[in-house]
**Q** 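First the structure, which I've put down as structure tokens, then a few questions once you've had a look.
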Number of protein chains: 4
Amino acid sequence: MSKNKQEDILEAAMQLFAERGYDGTTIPMIADKAKVGAGTIYRYFDNKESLVNSLFVKCVTQFSDILNSEFPGNSGDVREQFSHIFYRMFQFAKHNPYALLFIDSHCMGYYLNEESNKVYDDFLAFIIGAIEKGQERGAIRQLPSNALIAIVYGAFIMLFKMEQAGALENTGQLLEELEESCWNAVRII
Amino acid sequence: MSKNKQEDILEAAMQLFAERGYDGTTIPMIADKAKVGAGTIYRYFDNKESLVNSLFVKCVTQFSDILNSEFPGNSGDVREQFSHIFYRMFQFAKHNPYALLFIDSHCMGYYLNEESNKVYDDFLAFIIGAIEKGQERGAIRQLPSNALIAIVYGAFIMLFKMEQAGALENTGQLLEELEESCWNAVRII
Amino acid sequence: MSKNKQEDILEAAMQLFAERGYDGTTIPMIADKAKVGAGTIYRYFDNKESLVNSLFVKCVTQFSDILNSEFPGNSGDVREQFSHIFYRMFQFAKHNPYALLFIDSHCMGYYLNEESNKVYDDFLAFIIGAIEKGQERGAIRQLPSNALIAIVYGAFIMLFKMEQAGALENTGQLLEELEESCWNAVRII
Amino acid sequence: MSKNKQEDILEAAMQLFAERGYDGTTIPMIADKAKVGAGTIYRYFDNKESLVNSLFVKCVTQFSDILNSEFPGNSGDVREQFSHIFYRMFQFAKHNPYALLFIDSHCMGYYLNEESNKVYDDFLAFIIGAIEKGQERGAIRQLPSNALIAIVYGAFIMLFKMEQAGALENTGQLLEELEESCWNAVRII
DNA sequence: TATGAATGAGACTTCATTCAT
DNA sequence: GATGAATGAAGTCTCATTCAT
């Protein structure tokens with residue numbers, strides 16, 4: 001018996017949304033997994049859409065916080081900054097696999113409201129900012145920053161999905177190699 | 001007025017699935033867009049699941065065919081093979097944007113049957129094969145082939161989504177740069 | 001098997017609404033009585049509220065048409081006009097008892113839309129008009145026309161309910177007496 | 001802050017039932033208006049049906065008491081008795097508008113129990129008794145007593161509703177005229 | 001005594017699927 | 001072959017009622 005039913009509901013919803021998508025997940029499914037009555041969900045969230053948006057904001061915020069925390073801003077060099085972001089992304093993925101899958105599969109959903117979209121855009125903006133700083137210093141290729149994000153974030157997401165699917169076993173050794181690969185994609189050679 | 005209702009249905013379903021997902025798309029939506037009666041869909045497909053699987057196999061096969069056709073197999077060198085695959089992926093994306101979005105967002109669906117999963121695995125296997133050949137020849141980094149796929153394919157998908165979202169304008173010039181970036185990620189430097 | 005399911009639904013809804021009220025009547029109840037599937041109701045009406053409003057407009061219009069038809073307008077004298085309205089009201093009540101009970105118990109409902117309210121107001125306006133004409137000719141007491149309507153219509157409705165409840169048996173003889181009673185209430189004595 | 005929560009609950013329920021009907025009123029609505037917790041209602045009433053029946057009995061009893069008190073029984077003449085009942089009805093309506101609306105709209109409810117129905121029948125019986133006495137004395141028309149009640153009570157209720165709806169402003173002058181109108185309806189002319 | 005969080009039955013409504021035309 | 005009216009299972013959501021605090 002958990003003390004916090006709202007947490008239980010969010011956790012259950014996150015796993016189910018990540019696995020089956022928003023429309024493929026029913027309120028009774030969430031209630032069962034969270035071990036609460038179906039009606040209880042409506043004490044904490046106005047409706048299903050409100051639930052998915054609350055959850056989305058929460059997950060993106062967590063992800064963003066991980067990347068931001070201890071970020072070697074002005075002081076650190078570009079290589080170091082890249083490394084920080086890359087490893088923090090994998091750290092988040094490791095500890096919050098469902099959150100990441102949920103974010104990735106729902107970030108374009110027609111049910112997201114303005115706030116959700118803004119939070120997601122802000123999250124991307126942080127990475128874009130770091131990249132553009134790196135470009136100014138001449139360490140990163142002169143490509144549109146959105147393209148650079150796409151390469152690194154896209155590769156990261158796919159690597160994570162592969163690992164989730166059991167097609168890849170992630171060791172510390174491999175992670176270092178992947179980090180170097182991705183760095184090679186964006187740095188000036 | 002199309003001659004082939006089955007084609008109309010598949011095309012309508014592809015667009016809707018790509019935009020709203022399998023569970024977020026209803027049969028009446030598909031019938032409306034395809035300009036056929038809802039019952040007509042059941043003359044061509046046993047049910048909704050059968051439709052999404054038929055469509056998935058069709059799209060993956062098309063994608064695979066594009067990559068395979070004129071592939072510089074044993075003759076070509078590794079750099080050339082990589083280039084072929086990369087440009088062909090973008091070519092497919094350009095001409096079949098919905099197909100690619102549909103594949104990407106449905107390739108893990110709980111509703112996919114054995115055949116669909118096999119076709120998708122075979123598609124990945126083709127790329128894996130090319131990569132492993134490249135590794136044997138010493139041109140590509142010694143990472144798990146799944147990891148290498150993930151990096152290139154993940155970057156590609158994300159780039160394409162960015163372009164779809166209007167966050168990136170793809171010119172011939174940019175494409176060449178992106179190709180080089182991705183190559184840098186997997187080649188031995 | 002009726003040819004017209006929409007009619008069946010309206011008829012079933014009318015009886016149930018009249019007996020149990022709008023909120024006390026469920027869609028499955030209506031579907032059962034109309035011998036259609038619950039979903040069928042939604043092919044003909046957007047939702048429950050739309051159903052009750054359609055029904056209300058239909059019933060009031062029928063009632064209004066009965067009173068209007070063959071109304072001895074400018075030609076007839078006031079006594080004759082009163083008689084016409086009174087007997088037509090009872091005629092409608094006899095042939096459409098549920099319609100009248102439905103109108104009476106739902107005319108103040110919070111679920112009625114603008115159109116419904118307008119149709120009801122127009123219906124009352126017709127009677128008010130007849131009364132005011134009678135007053136101008138000096139045959140009817142100088143009371144607010146709304147008060148006169150209230151007396152006659154209120155008495156009529158209550159008489160009808162009594163009859164419905166089995167507390168009163170309406171014969172032709174009695175009807176004539178009641179008509180005279182009500183006339184006495186509004187005429188100048 | 002009222003001393004008596006039971007009173008608060010009954011008052012809140014009366015207003016809501018009068019405005020939205022039994023089925024259109026929820027327990028939380030009543031609790032909110034009464035400023036008590038939803039659970040508190042169940043300390044005073046077994047369930048919603050018990051509440052509506054308690055309330056109905058209370059309201060009808062109040063109404064009946066008003067009509068009975070100081071009733072000019074054997075002594076008074078028929079005209080005086082009629083006058084008493086008529087003015088007392090309006091007095092009750094003025095001081096307890098919600099009670100009257102509630103009685104009128106719920107007196108046929110499927111949820112009323114035996115006691116409620118008996119109390120209501122007894123109430124009508126009192127008026128019937130007075131009427132029949134008047135008939136014996138030759139002052140009132142020889143119509144079924146239920147018909148006479150219906151005319152007077154029906155007219156009264158409708159007049160009251162008109163006033164509530166703002167379609168009629170009740171002055172002392174008008175009231176006297178209405179009383180005479182109604183008397184004309186039932187007396188022998 | 002009073003509360004309101006929690007529940008689940010049942011409400012309204014949607015939609016995959018069937019079938020008479 | 002093609003249609004869309006009809007269906008009822010299942011979805012989202014509400015609310016009468018209970019019970020731990």
Side-chain angles (χ1 to χ4, degrees), chain A residues 1 3-6 8-9 22-32 34-51, chain B residues 5-6 8-9 22-32 34-52, chain C residues 1 3-6 8-9 22-32 34-51, chain D residues 5-6 8-9 22-32 34-52:
Chain A
M1 191 76 52
K3 250 178 282 176
N4 196 334
K5 284 182 193 291
Q6 182 162 9
D8 295 349
I9 292 164
Y22 174 72
D23 288 298
T25 301
T26 71
I27 294 288
M29 280 179 199
I30 297 170
D32 281 358
K35 288 180 185 158
V36 300
T40 303
I41 293 174
Y42 290 87
R43 289 201 66 74
Y44 294 101
F45 304 96
D46 284 345
N47 47 44
K48 196 183 172 187
E49 222 170 279
S50 170
L51 167 57
Chain B
K5 283 180 193 293
Q6 181 162 7
D8 294 348
I9 293 165
Y22 173 73
D23 288 297
T25 301
T26 71
I27 295 287
M29 280 181 200
I30 298 170
D32 280 358
K35 289 179 183 157
V36 300
T40 304
I41 292 175
Y42 289 85
R43 294 204 70 76
Y44 294 101
F45 305 96
D46 285 346
N47 49 42
K48 195 183 174 188
E49 221 170 280
S50 168
L51 167 57
V52 77
Chain C
M1 191 77 51
K3 251 178 282 175
N4 197 334
K5 282 180 194 293
Q6 183 163 6
D8 296 348
I9 292 165
Y22 174 72
D23 288 299
T25 301
T26 71
I27 294 288
M29 281 180 197
I30 297 170
D32 281 357
K35 288 180 186 157
V36 300
T40 303
I41 293 175
Y42 290 87
R43 289 201 65 74
Y44 294 101
F45 304 96
D46 284 345
N47 47 45
K48 196 184 173 187
E49 221 170 280
S50 170
L51 167 57
Chain D
K5 283 181 194 291
Q6 182 162 7
D8 295 348
I9 293 164
Y22 173 72
D23 289 296
T25 301
T26 70
I27 294 287
M29 281 180 199
I30 297 170
D32 280 358
K35 290 180 185 159
V36 300
T40 304
I41 292 176
Y42 288 85
R43 295 203 70 75
Y44 294 101
F45 304 96
D46 285 345
N47 48 43
K48 196 182 172 187
E49 222 171 278
S50 169
L51 167 57
V52 77

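Protein chains get the first letters and strands the later ones, always in sequence-line order, with residue 1 at the start of each. Because only heavy atoms are used, hydrogens play no part in the values below, and waters and symmetry mates are left out as well, while side chains stay in.
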**Q** Specify the residue among Thr25(A) and Ala38(C) whose closest nucleotide of DNA chain F lies further upstream toward the 5′ end.
**A**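 In this pair, the answer is Ala38(C).
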
**Q** Under 4.0 angstrom, heavy atoms only, what part of the nucleic acid is Tyr44(C) near: base, sugar-phosphate, or nothing?
**A**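 Sugar-phosphate only.
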
**Q** Taking the side chain of Lys5(D) as its heavy atoms from C-beta onward, which of dA16(F), dA2(E), dC13(F) lies nearest to it?
**A**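 Closest of the options to the side chain of Lys5(D): dA2(E).
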
**Q** Side chain of Ile27(A) only, heavy atoms from C-beta on: which candidate in dA16(E), dT3(F), dT12(F) is closest?
**A**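 Shortest atom-to-atom distance from the side chain points to dT12(F).
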
**Q** With a 3.5 Å limit on both atom pairs, tell me what dT21(F) is paired to, counting Watson-Crick and G-U wobble, or say none.
**A**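 Result: dA2(E).
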
**Q** Please figure out whether Asp46(A) or Lys48(D) has its closest DNA chain F nucleotide nearer the 5' end.
**A**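 By nearest-heavy-atom nucleotide position, the 5'-most residue is Asp46(A).
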
**Q** Send over the distance from Arg43(B) CZ to dG4(F) P, rounded to a whole Å.
**A**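 Arg43(B) atom CZ is separated from dG4(F) atom P by 14 Å.
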
**Q** Hey, is the side chain of Thr40(B) poking within less than 4.0 Å of OP1 or OP2 on dT3(F), counting only N and O atoms?
**A**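 Affirmative; the distance criterion is met.
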
**Q** OG1/Thr40(D) to CD1/Ile27(D) distance, rounded to the nearest 0.5 angstrom?
**A**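 With rounding to 0.5 Å, OG1 (Thr40(D)) is 11.5 Å from CD1 (Ile27(D)).
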
**Q** State whether Tyr22(A) and Lys48(A) meet the cation-pi test: NZ (Lys) or CZ (Arg) under 6.0 Å from the six-membered ring centroid, and within 45° of the perpendicular axis.
**A**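 Yes, Lys48(A) lies over the aromatic ring of Tyr22(A).
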
**Q** State the CD-CG distance between Gln6(B) and Leu51(B), to the nearest 0.5 angstrom.
**A**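 Those atoms lie 9.5 Å apart.
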
**Q** About how many Å separate OG1 of Thr25(C) and CG of Asp23(D), when rounded to the nearest 0.5 Å?
**A**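 It is 8.0 Å, given to the nearest 0.5 Å.
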
**Q** For Tyr42(C) and dT14(E), is the shortest distance between a side-chain N/O and OP1 or OP2 below 4.0 Å?
**A**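 Answer is no, no contact under 4.0 Å.
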
**Q** Taking pairing as Watson-Crick or G-U wobble with both contacts under 3.5 Å, can you name the mate of dG8(F), or confirm there isn't one?
**A**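 Result: dC15(E).
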
**Q** Between dT3(E), dA16(F), dC12(E), which nucleotide has the shortest distance from any of its atoms to the side chain of Thr26(D)?
**A**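 The nucleotide sitting nearest to the side chain is dA16(F).
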
